[in-house]
Structures are given as structure tokens and as C-alpha cells.
*Asks:* 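Could you have a look at this structure, given as C-alpha cells, before my questions?
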Amino acid sequence: MAKIKLVHFELVSLLDESKKLVEFLQKSGVTELENAQDEGLTKYQTDYIVNQFMKKHRTSLKAHGILEKYCQLKKSFVESFSDVAEIDYSEYRLISDRSDELLDICNGIITLENQIKSLNESVAEKEGLLAYYEPWLGLDIPMASKRTLTTNIFIGCFPQELGKEEILSLIASAENFPEDVEVEIVSKRKMLTCAVIMCHQSSSERLSEILKNNGFSIPDKIAPKLPEKAMEDCREEISLLKEEIISVTEKIKEYRDDYRDIRFLSDYFLAQADKYSAVENAAATESVFFVKGYVPERNAEELKFEIERQFTAQMELSEPDYDNADVPVLIENKSFAAGVESVTDMYSPPSNKDVDPNPIMSFFYYAFFGLMLSDAGYGLLMVIFALLAKKKFKVRGNMKKTADMVLYCGISTVFWGAMFGGFFGDLIPTVCKSFLGITDVPSFAIWMDPMSNSIELLLYCFLFGIIHLFAGLIIRGFMLIRESNYLGAVCDTLPVMIFVVGFAAVGADFFTEIPDDIKSAGIKALSVGAALIVLTSGRSSKNILGKLGGGLYGLYNAASGYLGDILSYSRLLALSLVTGVIANVINLLGEMMGNIVLFALVFVLGHAVNLAINLIGTYVHTGRLQYVEFFSKFYEGSGRTFTPFKINSKFFTIKEENKYG
């Protein structure tokens, strides 16, 4: 279907019906609203409301994630492809009426999880205390003990492993050291010595100073009781905390039945935020609501009829003002062309002056992709993956387009792999010779072996490139004819095509032997094309010298530009050879193992890496051929994609039946 024609609309209704009208437009999903803030009309400010709905959206998403976590509802990666439910609009309204109730449930779930987090933090703190008290298990007095009637007690640690005599020696090495010191080692390890040191109260100040100078430190977390008893208390508290965590977790699980509605709720709040964001484009007086925008021509009359039937409203349709307005572009294609729409959008969406390049570009994209990857085994894997995604997992939207692209690229890869005889490289000959004892294995190439006929394949790649370039020139000519520029349609395309055909026939003689009659015809075509380019390229100039200069410059551009363009298609051969050579090397490495199990291991790992690397390279270089060689011949881009005002959802889709009801 390619580009879909849009019409501009202006819609006026009673202000009292504005909310229902906006909901109707969102439900219809076929309009794009533009700014209608005309002078003298009231401007809507909805930022606060939008932010509130987005906050609720995030709350419901968070609650949804909590339920998945604690109720073990999270689906696998494979199942996530089909994690979209379809509901009627009546069900949408029914659940939305419970939005406040469900939001309270979400907040309750989040509160419960916060309790679990707090309890887990307490458990971690208690477990930290257990580890902290463990070196002090041998202490037979409370850690908080500091003195007796006549002595002071220092309970602490040295940052190294020390014995009793070593500690006494450290103390004795200081000036004015106290002699009435007693040391008891509680525990020691490589970087820690826990000790109890006692002295007479009269010597405590000096002893404290000496200990501090030797790295002695008092524990930060002092148990007011025996360490063993403190650890028992910690274990009991941890047990109680974990029981409470289980209890709170069970409370969360009680909301399992609300899981589906909470999933929906996040979509509902997002739709509400979108609705009020769209309202900012509207305008109003004290009694009238005004909105304008664009709608596909195919939907316009039906939409107008339903709006005027259901509301006190008037809708006017008109042709878009392409010269003065920012008119969006709506592209729709069948699955074959839709698969490459993302490739075009990465470059730039088409403008209103452009034709949709996807229907034609898709054929070349798939053909070149398959030619570069060119392994039937790899292509078969792509086809299987794409079919599973489309049929079993029910992918939709952009994901479906990606699956279509993978499918058709895979089919093309299977085709070219069959043409070149590549199935996971030379897997079949390798297995036959090394493991089945079959030495006389025929070639499986239907057309040619790229490694044995690389020059011949290179020439074919140049031929494919010329066809690709000519397709771009033909589209350019069509666009000029559409603009009634018939002279430009002929002069800007035909001379170049004649010149390139002649150049190709002459240039091919450098690679292989060309029959004299073809070479002679090529020279004539080259001469005629060059003459026509010189005569027509400078036609816009008003004097003879300008025309001649413009013609010679046009000839130089054609010769240098198209020569570079054609040579770019040598990458078709290069990537095809790279894929095949690496695949063959992987099979050779597996064969050298001499064991079928090891061969299978090398085969799986090696080809997985080869496929991943070459998929990326093929994707990039295929896109490059479209962007640089093909689009440069006719495509302007810089368009803006039509973005309908609709119910955007992640987990649910609204059935389209009775969407105007």
C-alpha cells in the first residue's frame, strides 16, 4: 500500500462533551493532533495531570514487578514473546472503573515490599553482629566491662597476630610503661588479635596511650553481655525476623488474583497520560472545544460521520497544506516491504515529496543480505526463528516487522547458500569424508563455488550493483515525471544509464575476456552516453561556455561517482567469502579433533560465533548499500512519521471491532 494519503481536519464541539470526544479520538486510534492554540482561545495546561498519571503508571508497574517476583509469575524469555492479551473495549472500561481501588492495592503491595526490605536490612545487620562477635566467643566477661574496684579493663583488638608475650613486650618498650599489666588472649588470626588487658587504675591513662600508639582499638559494637549470649540473642532475633518476612511475603501473595488487573492498570494510566498530553494541543472558549490534526483519507469520512452522530460537533476535512504545514507521512506495506521499514527509518523517514522506497528497496535488501551471508544452514536457522516468533509467540508491531525481515533475509540466505553449495560451510563433505568414509563427494553448488570462481562472482556482483543503481535512477525519473519535468526525467537518467552500460562492458574486459562485438558495442554506448551527459548536464546555464563547463563537470561526476558506486558492490563478494571461509575453518578445526563429540562441540560454538559476527556485518553493509548507493539517486528523506493518538499499551491490546462505537 506504500504511502497512505492523509487529510487535514478541524473539529469543533461543545466544551461539555470534550472529555468524551477526546476519549473517542483516542479509542479510534486514527488521528494525529496538532497544536490548535489559536489567538483568543484558552490554552490547556495539563503537565501536572500528566505527571500524576505517569506517577501512578510507575506505581502500578512497580507493584506488577513485585507480584512477579514474590509470586513467581515472571515468564521465561520465550514466553515473553506472547505476553500480550487482547481485551474488548468494554472490559477496558470495566477495569478502568476500578483504577482507584487497584491503585490502593498497588500502594499496599509496595508498602509490604518496603517492610520486607526493612526486615532484610535488619537480618543483615544481625548477621553482621554475629560475624563481629564471633572472635570474642572465648571472652568470659561482658564486652562492656571497663573496670573493677581497683583495676581498669581494656577489651579490644590489635591489627596483627600477636601472642601474650609479644603484647607485653610492646608495652614494656614504651617509656614510663606500667608494670602491673595483665594480658589475656581471647582469639587471634592472621590480621587480628582480640585481647583483654588489665592494669591498676593508677596506670590506666598511661597504658591507654601506649595501646593506642600500637594500633589497639576498642570494638565499635559492644555487647552489654557475654558474647556467646549476645550471639544467641542475635540468632533468635534473626529467626523471628525471617518468620516475619515469610508472613509479609504471604500477604503479598494474597494479591496474586489481582495480578492481571494490575498489569492492565499500568497500561490504563499510560493511556490517560497520553490523553491529557494530547489535550494540550486543543483549545477552547467558554463553551466550545476545538482540535485539529490529520487522519488517513480512508478513515476520514467514517470518522466524521461517527463524530457528528455521537456528539454535538462539526468536523471539516480539507487537503493538507504541504507548502506551509508540517504534514506527517503514513507508510503501510505488506509484510515483505514492511520488514525493511526500520532500515529506511534509521536513515530518515520519507518526506511528502518522496515515493516510499521500501517496496523496491526490500527486494534488493533481502537479495544482497542473502548473497553476503550465503549459507543455507545459517539461513535455515533464521527462517525457523522467525516463523516461531510469528506463529507461536504472536509478535506484533515493530517486533513483527523485525520477524518478517529476519524471515525474508533467511529465505534469501537459504537461496544463495543453495546456489553456492554452502550448508554450515562444507559440513556435508567434511562429515562424509571424516566420519562416514565417503571420499567421492560431489559439489552441492547449484550455480558456482565462490572460492573457485571469485572473479566471475565479482563481475556478477557488479552487475547486481548496476541493476540496483538503475532502479534508483528509474525512481528518480518517475519522480521528475510526476512533477511534469519530462526533460529532466530523460536527461538526468537515460544518458547516465547508457554511459554506465558502456563503461561496464569495457571495464569487464579487465577481468575476463569479452567478445569483440560486445566490447565494440560497449565503446559506442560509452561514447554516446558521455556525449549526452556533456550536452545535457549544463542545460540550466544560459551561455555556451556555462553549458560546456556544466556538461564536462557532469561527465566527471558520472565517471568518478558511478565508478566508485559500482566498486562498492565488491563487498557482496567479500562478505560472502568471509562467511564461507570462516565456516570451513570451523569445520576443519572440528575435524582435526578426530572425535564426533568434540567435532559437534566445536561445530556448535564456532558456527554460533560466525553467524553472530557475520549477521552484524551483513546487516551493516546491506544497509550501507541502500543508504549510499541507492537512496542517493532519488531519496530526500527528512520526513515526519504519522503518530496516531491511540491507546498505547505494553500488556494489552484493544480489539478493533466497533472502535467507533
Side-chain angles (χ1 to χ4, degrees), residues 1-46 49-50 88-90 92-93 96 270-332 349 351-352 639-649 653-661:
M1 296 179 69
K3 289 173 70 174
I4 305 300
K5 181 175 175 57
L6 300 176
V7 296
H8 187 261
F9 73 86
E10 293 185 350
L11 176 58
V12 179
S13 74
L14 292 179
L15 186 60
D16 293 342
E17 297 182 342
S18 60
K19 181 179 179 180
K20 291 183 178 180
L21 178 58
V22 171
E23 290 178 350
F24 175 88
L25 292 175
Q26 185 179 35
K27 176 187 171 184
S28 70
V30 295
T31 62
E32 179 182 297
L33 306 183
E34 64 173 342
N35 195 314
Q37 307 297 342
D38 294 334
E39 185 176 353
L41 298 178
T42 301
K43 182 177 181 180
Y44 287 99
Q45 294 290 345
T46 62
I49 299 175
V50 170
D88 294 315
Y89 190 75
S90 59
Y92 171 90
R93 296 301 309 169
S96 65
L270 181 60
Q272 293 298 103
D274 290 341
K275 181 177 73 174
Y276 281 95
S277 292
V279 168
E280 283 198 337
N281 290 314
T285 65
E286 292 181 354
S287 58
V288 174
F289 178 78
F290 175 63
V291 67
K292 61 182 180 178
Y294 298 93
V295 59
E297 185 179 43
R298 65 190 180 192
N299 303 111
E301 290 298 334
E302 183 181 4
L303 183 69
K304 171 182 169 66
F305 173 79
E306 290 295 336
I307 287 176
E308 294 180 352
R309 180 178 69 85
Q310 298 183 38
F311 303 94
T312 307
Q314 180 69 36
M315 186 175 184
E316 294 294 332
L317 304 175
S318 61
E319 281 290 316
D321 184 1
Y322 292 103
D323 295 327
N324 301 312
D326 181 24
V327 183
V329 176
L330 175 59
I331 300 295
E332 283 189 9
S351 68
N352 283 288
R640 182 174 67 81
T641 302
F642 177 78
T643 306
F645 172 43
K646 62 180 182 178
I647 298 174
N648 295 304
S649 59
T653 57
I654 310 298
K655 292 181 181 179
E656 294 187 1
E657 291 86 341
N658 302 318
K659 66 181 178 180
Y660 297 122

*Asks:* Of all heavy-atom pairs between V279 and T46, which one has the smallest distance, and what is that distance?
*Replies:*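 In this case the closest contact between V279 and T46 is CG1-CG2, 4.1 Å.
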*Asks:* List the residues meeting salt bridge (charged side-chain N to carboxylate O under 4.0 Å, His left out) with E23, not counting sequence neighbours, and say none if there are none.
*Replies:*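 Here the qualifying residues are K275.
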*Asks:* Got a second to check how far S277's OG is from L33's CG, nearest 0.5 Å?
*Replies:*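 One finds 11.0 Å between OG of S277 and CG of L33.
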*Asks:* Who are the side-chain hydrogen bond (donor to acceptor under 3.5 Å, both in side chains) partners of N648, not counting sequence neighbours?
*Replies:*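 If we apply the side-chain hydrogen bond (donor to acceptor under 3.5 Å, both in side chains) test to N648, skipping adjacent residues, the hits are D274.
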*Asks:* First locate atom OG1 of T285, then atom CG of L15, and finally report the distance between them rounded to the nearest 0.5 Å.
*Replies:*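 T285 atom OG1 to L15 atom CG measures 7.0 Å (nearest 0.5 Å).
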*Asks:* Among all residues two or more places apart in sequence or in another chain, which pass the salt bridge (charged side-chain N to carboxylate O under 4.0 Å, His left out) test with E297?
*Replies:*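 Testing E297 for salt bridge (charged side-chain N to carboxylate O under 4.0 Å, His left out), a comparison that skips the adjacent residues, returns none.
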*Asks:* Flag the pair L303 / T31 as yes when at least one side-chain heavy-atom distance between them is below 4.5 Å, and no otherwise.
*Replies:*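 Yes. Closest side-chain heavy atoms under 4.5 Å.
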*Asks:* How would you list, by chain and number, every residue that makes a salt bridge (charged side-chain N to carboxylate O under 4.0 Å, His left out) with K304, sequence neighbours excluded?
*Replies:*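 Here the qualifying residues are E308.
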*Asks:* Side chain to side chain contact (heavy atoms under 4.5 Å, CB included) between D321 and V327: does it pass, once the steps are laid out?
*Replies:* CA-CA 8 Å; D321 184 1; V327 183; 5.9 Å; no
*Asks:* Measure across Y294 and F642 and return the closest heavy-atom pair with its distance rounded to 0.1 Å.
*Replies:*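 Looks like O-CE1, 3.7 Å.
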*Asks:* I'd like to check the salt bridge (charged side-chain N to carboxylate O under 4.0 Å, His left out) partners of K19; sequence neighbours left out, ordered by chain and number.
*Replies:*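 With sequence neighbours excluded, K19 shows a salt bridge (charged side-chain N to carboxylate O under 4.0 Å, His left out) to no residue whatsoever.
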*Asks:* Between N352 (side chain) and V329 (backbone), is there a donor-acceptor pair under 3.5 Å?
*Replies:*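 Checked: no pair found.
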*Asks:* Between F289 and V22, which heavy-atom pair has the shortest distance, and what is it?
*Replies:*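 It is CZ-CG2, 3.7 Å.
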*Asks:* More than 12 foreign heavy atoms under 6.0 Å from OH of Y322: is that the case here?
*Replies:*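 Check passes, neighbour count above 12.
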*Asks:* The criterion is side-chain hydrogen bond (donor to acceptor under 3.5 Å, both in side chains); which residues satisfy it with E32, sequence neighbours excluded?
*Replies:*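 Only R640 meet the side-chain hydrogen bond (donor to acceptor under 3.5 Å, both in side chains) criterion with E32.
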*Asks:* Working note: L11 + L25, criterion side chain to side chain contact (heavy atoms under 4.5 Å, CB included); need CA distance, chi angles, decisive distance, verdict.
*Replies:* CA-CA 11 Å; L11 176 58; L25 292 175; 4.3 Å; yes
*Asks:* Shortest non-hydrogen contact from L317 to E301?
*Replies:*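 Closest heavy-atom pair between L317 and E301: CD1-OE2, 3.6 Å.
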*Asks:* How far apart are the C-alpha atoms of E17 and K20, what are their side-chain angles, what is the distance that settles it, and do they pass the salt bridge (Lys or Arg N to Asp or Glu O under 4.0 Å) test?
*Replies:* CA-CA 6 Å; E17 297 182 342; K20 291 183 178 180; over 6 Å; no
*Asks:* Nearest heavy-atom pair of V291 and F9: which atoms, and what distance?
*Replies:*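 V291 and F9 have their closest heavy atoms at O-CE1, 4.2 Å.
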*Asks:* Would the distance check show the side chain of S351 and the main-chain N or O of P349 forming a donor-acceptor pair, the cut-off being under 3.5 Å?
*Replies:*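 Judged by distance alone, no pair lies under 3.5 Å.
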*Asks:* Which one of K5, K3, R298 satisfies the salt bridge (Lys or Arg N to Asp or Glu O under 4.0 Å) criterion with E332?
*Replies:*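 Testing E332 for a salt bridge (Lys or Arg N to Asp or Glu O under 4.0 Å) against K5, K3, R298 leaves exactly one candidate, R298.
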*Asks:* Might you point out which heavy atoms bring A283 and A36 nearest each other, and give the distance in Å?
*Replies:*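 Minimum heavy-atom contact is CB-O, 3.2 Å.
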*Asks:* Under the criterion side chain to side chain contact (heavy atoms under 4.5 Å, CB included), I'd like the reasoning laid out for F645 against N281: C-alpha separation, chi angles, the key distance, then a yes or no.
*Replies:* CA-CA 11 Å; F645 172 43; N281 290 314; over 6 Å; no
*Asks:* Looking only at the side chains, is there a donor atom on one of H8 and E34 sitting less than 3.5 Å from an acceptor on the other?
*Replies:*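 Checked: H8/E34 side chains pair up, N/O donor to acceptor below 3.5 Å.
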*Asks:* With side chain to side chain contact (heavy atoms under 4.5 Å, CB included) as the test, would you mind laying out the steps for T641 and I331 before giving the verdict?
*Replies:* CA-CA 8 Å; T641 302; I331 300 295; over 6 Å; no
*Asks:* Which value, rounded to the nearest 0.5 Å, describes the distance between L6 atom CG and L330 atom CG?
*Replies:*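 It is 5.5 Å, given to the nearest 0.5 Å.
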*Asks:* How far does OG of S28 sit from CD of E306, to the nearest 0.5 angstrom?
*Replies:*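 Taking OG in S28 and CD in E306, the distance rounds to 10.5 Å.
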*Asks:* For a ring pair (Phe, Tyr, Trp, His ring centres under 6.0 Å) check, start with the C-alpha distance between F311 and F24, then their side-chain angles and the critical distance, and finish with the verdict.
*Replies:* CA-CA 10 Å; F311 303 94; F24 175 88; 5.6 Å; yes
